[in-house]
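Below: the structure, in structure tokens.
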Amino acid sequence: MVGHLNKDNIQTLEFDALIVGGGGSGMRTSLELAKSGLKTAVVSKVFPTRSHTVSAQGGITCAIQSADPNDDWRWHMFDTVKGSDYIGDQDAIEYMCSEGPKAVFELEHMGLPFSRFENGRIYQRPFGGQSKDFGNGGQASRTCAAADRTGHALLHTLYQNNVKEGANFLNEWFAVDLVKNKFNEVTGVIAFSIESGEVAYLKSRATVLATGGAGRIYASTTNALINTGDGLGMSLRAGFPAQDMEMWQFHPTGIHGAGSLVTEGCRGEGGYLINADGERFMERYAPNAKDLAGRDVVARSMVLEILEGRGCGPNKDHVLLKLDHLGEEVLNAKLPGICELSKTFAGVDPVYKPIPVVPTCHYMMGGTPTNIHGQAFTSVNEIDNEVPGLFSVGEAACVSVHGANRLGGNSLLDLVVFGRAAGLHINEDLKSGGGVEEANSDDIESALHRLNKLNESNSGFEVAEVKRELQEVMQNYFGVFRRGEFMEKGVQALEEIRDKCENLHLHDKSDSFNTNRVEALELQNLLEVAEATAISSLKRNESRGAHARDDFPERDDENWLCHSLYDPIKKDLKKRQVNFEPKTMEAFPPKVRAY
Amino acid sequence: MIEVNIYRYNPETDKFPYMQKFNFEMPDRDIMVLELLNSLKESDPTISYRRSCREGVCGSDGMSINGKNGLACITPVSEVAKGNRLELRPLPGLPVVRDLVVDMTEFYAQYEKIKPFLQNDTPPPNQERLQSPSDRDKLDGLYECILCACCSTSCPSFWWNPDKFVGPAALLQAYRFIADTRDTRTEERLESLSDPFSVYRCHGIMNCVSVCPKGLNPNKAIGEIKSMLLTNKRHEAEIIASDGGGSI
């Protein structure tokens, strides 16, 4: 990587389709394309089974009619629309819920070791926000599980089947920036091998961003250290919009201190939360669903308990998740991973003692706006314009099935349903001659700019320090509860952090497995995501789903029953219509959201 | 204060690897080895190692910690720092790329060799294939492997023949598919392991079991494979005996 990089001193590798990210959504897309005979590569900064999908625990929600032979995907759709606080796109939710069973059965045929009921069918457990009969039939059990290691089982199964189909991987390659031609089409990415430092222009007719979430913008998160929003960072720098970025899910049960996730499946299996008085407080906040209300509802209730002085521990800064009444046998059979995690990170064996938990940043509902085929778009005069060559799937994308609050178990379904859909669409599109025009050397040079600047830095700010600053700003000003005056401070602080991020000092200039360089580039991606989050949060003047404002405590359907679309060039917010036109049924109209 | 010695090697600048000493002030609470490494990296950003989930499920940060392979993210410093000394080295037996990062190509090649995917020759039904809970239980202790390579790189047989001995991690996965009632290629899987190296270089010294951070038992799986191979051999011998040894 020595010297100033340009088109002539880096190599060009050509592909039909390029998938950036080797987690669940990327590998589901690549599986579809590997079978097609197109020249495809998955670019992943980690070996694929190290991707964050591996940490998903409780399951994949889908009406496969196993626990309940009368279950109906329309009930799942109703729950998801309600869970989204009515800004999930109903055509996309309809597609996900109705196609879901096919996608789950495919996973089982691929070998995913689902847990089983006595009759041999896939085990399903209750999860938050689930109902029968459009909210009228009580709690449903709709989350298909492999013990409490469903994400691990799913990710390994997808990798295994990619191996089977001979998919092509560029493992431990880091994608730096999108390459765009003069027509604003995406023609591939600049990337480098982390192991060797070799830089390449990966030229492709279709580029799929499957880079997952960016929970590391917060100081406390359930997310892996690698969740730095690299795809979104690239697309924002390239000037493409991001949708609903104010919507971040705080999972009710992150282990206090460590941040590790404790699955909602714990409460699905009968566990519940208690405060310092030993009271099962969710009965007060959500009399029907109790501990299985929407995650946003449970997280806010927990924070209120803590704020009102009923938190546990010497600092009264967490609550407890009680599981011991379920008995050792159930815990070992249904929640073995949780027992392990709790012992390691909380020093507590849940067979005997409750786990200290606190709401922790978990999931990015927003992302690159796409249609159900994964095609990214921009919006001009309220019309969606597809960006040729650019696709996004999974948590990186906003299709939008989760709206303002995702239901547990819906993210794994999102990955496989839309990963598959994007693969099918790209296959068809490329085979019928779809593609993009060439990029010229200036286009490539500008995509190399960030890498060149960092490589040529001789002084500047420290990556670790600036990252900590950014995470603290986001944690303090854009957490579970938000207020305009604080958020304004946060936006200002981020402006200063942007200056620092643009002047980082890369100490280590070597080529071999240089993680200093990777972390600097990741920090710049975090900044793009943080800024989009901050500005979108400040401008949405209402409370909806995960976005809860002290100064605008009510949902405002008159003004805000819409998506927000963040424009990274103007640093401003536009409104975009929510889809209320499912194809096979009447739309669910907005109602008061009570659990 | 503890003394941390870290294996350092950058192929661009170092002719030979060396151990670098750091003095580390422990915080009031116990921390994991990974957190210690992350802190050291803040003062010396050139230290290289892999990490991702930081909770023991992704398998990135396998390394030799005071002489025993383990995951840095779930190993408390208090448990391993003997006499306030901690020594971190790359997983043994694989080429070092840099510092604590090893080249895992051979490890992954063995994994791919055992065909780590379900094979079933019957067309799938419109829903899931059925499997009884007791048949599903046979996969417990097998499917949870995170491919961290702690086991295979603690195995002298793997150090000696990484190209021919499949190694405990991949053999555990081989058995995971043999044990799966939904897989129909058991005979073919066994046949591919029947040479003198693939399985039989395991001499049951159990290093794999003692280091597995997930508490899995590759040795047991290998034993199952060996006994199935033996049963097959007996079966073959019986056939040979019954038709006078003519046609096999």
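By convention in this document, chain letters (A, B, ...) are assigned in the order of the sequence lines, proteins followed by strands, and residues within each chain are numbered from 1.
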Task: Which residues share a side-chain hydrogen bond (donor to acceptor under 3.5 Å, both in side chains) with B:Asn5, sequence neighbours left out - done: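 Partners of B:Asn5 under the side-chain hydrogen bond (donor to acceptor under 3.5 Å, both in side chains) test: B:Glu3.
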
Open item on the list: Which residues pass the side-chain hydrogen bond (donor to acceptor under 3.5 Å, both in side chains) test with A:Ser459, not counting sequence neighbours?
Closed with: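 Once residues adjacent in sequence are excluded, A:Ser459 has no partner under the side-chain hydrogen bond (donor to acceptor under 3.5 Å, both in side chains) criterion.
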
Task: Residue-level interface, residues 46-59 of chain B with chain A, non-hydrogen cut-off under 4.5 Å - done: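 At a heavy-atom separation under 4.5 Å, chain A is reached by B:Thr46, B:Ile47, B:Ser48, B:Tyr49, B:Arg50, B:Arg51, B:Ser52, B:Cys53, B:Arg54, B:Glu55, B:Val57, B:Cys58, B:Gly59.
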
TODO: May I ask you to list the residues in residues 22-36 of chain B that approach chain A closer than 4.5 angstrom, counting heavy atoms only, ordered by number?
DONE: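 Answer by number: B:Met32, B:Leu34.
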
Any side-chain heavy atom of [X] within less than 4.5 Å of one from [Y]?
X: B:Phe177; Y: A:Gln160; value: yes
X: B:Phe117; Y: A:Asn162; value: no
X: B:Arg136; Y: A:Pro113; value: yes
X: A:Glu519; Y: B:Lys41; value: yes
X: B:Cys145; Y: A:His156; value: no

Task: Note: B:Glu42-A:Lys467 ion pair, threshold 4.0 Å (strictly below) - done: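 A salt bridge is absent here (no side-chain N lies under 4.0 Å from a carboxylate O).
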
- [ ] Output yes when A:Asp508 and B:Arg98 qualify as a salt bridge under the 4.0 Å nitrogen-oxygen rule, no when they do not.
- [x]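 Looking at B:Arg98 together with A:Asp508, the answer is yes, because their closest N to O distance falls below 4.0 Å.
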
- [ ] Taking all non-hydrogen atoms of both residues into account, name the closest pair between A:Leu225 and B:Asn38 and its distance.
- [x]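 Smallest interatomic distance, heavy atoms only, reads CD1-ND2, 4.5 Å.
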
TODO: Looking only at non-hydrogen atoms, find the nearest pair between A:His152 and B:Tyr143 and report the distance.
DONE: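 Looking at all heavy atoms of both residues, the closest pair is CE1-O, 2.9 Å.
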
Open item on the list: A:Phe114 vs B:Gln131, test: side chain to side chain contact (heavy atoms under 4.5 Å, CB included). Steps then yes/no.
Closed with: CA-CA 9 Å; A:Phe114 281 111; B:Gln131 186 174 47; over 6 Å; no

Where the side chain of [X] meets the backbone of [Y], is there a donor-acceptor pair that is under 3.5 Å apart?
X: B:Arg182; Y: A:Gly111; value: yes
X: B:Arg129; Y: A:Arg121; value: no
X: B:Glu12; Y: A:Asp511; value: yes
X: B:Glu128; Y: A:Ile122; value: yes

Task: side chain to side chain contact (heavy atoms under 4.5 Å, CB included) evaluation trace for A:His109 with B:Leu118 - done: CA-CA 8 Å; A:His109 299 154; B:Leu118 192 87; over 6 Å; no

Open item on the list: Run A:Glu340 and B:Lys214 through side chain to side chain contact (heavy atoms under 4.5 Å, CB included) and show every step you take.
Closed with: CA-CA 9 Å; A:Glu340 204 179 304; B:Lys214 305 307 285 180; 3.0 Å; yes

Task: Heavy-atom neighbours of A:Lys509 NZ exceed 12 at 6.0 Å - done: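 Enclosed.
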
Open item on the list: Counting only heavy atoms not in B:Asp121 (residues, nucleotides, ligands), do more than 12 fall under 6.0 Å from its CG?
Closed with: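 Count over threshold, so yes.
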
- [ ] Report the C-alpha separation of B:Ile74 and A:Phe345 in whole Å, then their side-chain angles, then the decisive distance to 0.1 Å, and conclude whether the side chain to side chain contact (heavy atoms under 4.5 Å, CB included) test is met.
- [x] CA-CA 8 Å; B:Ile74 53 169; A:Phe345 289 103; 3.9 Å; yes

- [ ] Tell me, for A:Ala333 versus chain B, whether the close heavy atoms (under 4.5 Å) come from the side chain, the backbone, both or neither.
- [x]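 For A:Ala333, there is no contact with chain B at all, as no heavy atom is under 4.5 Å.
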
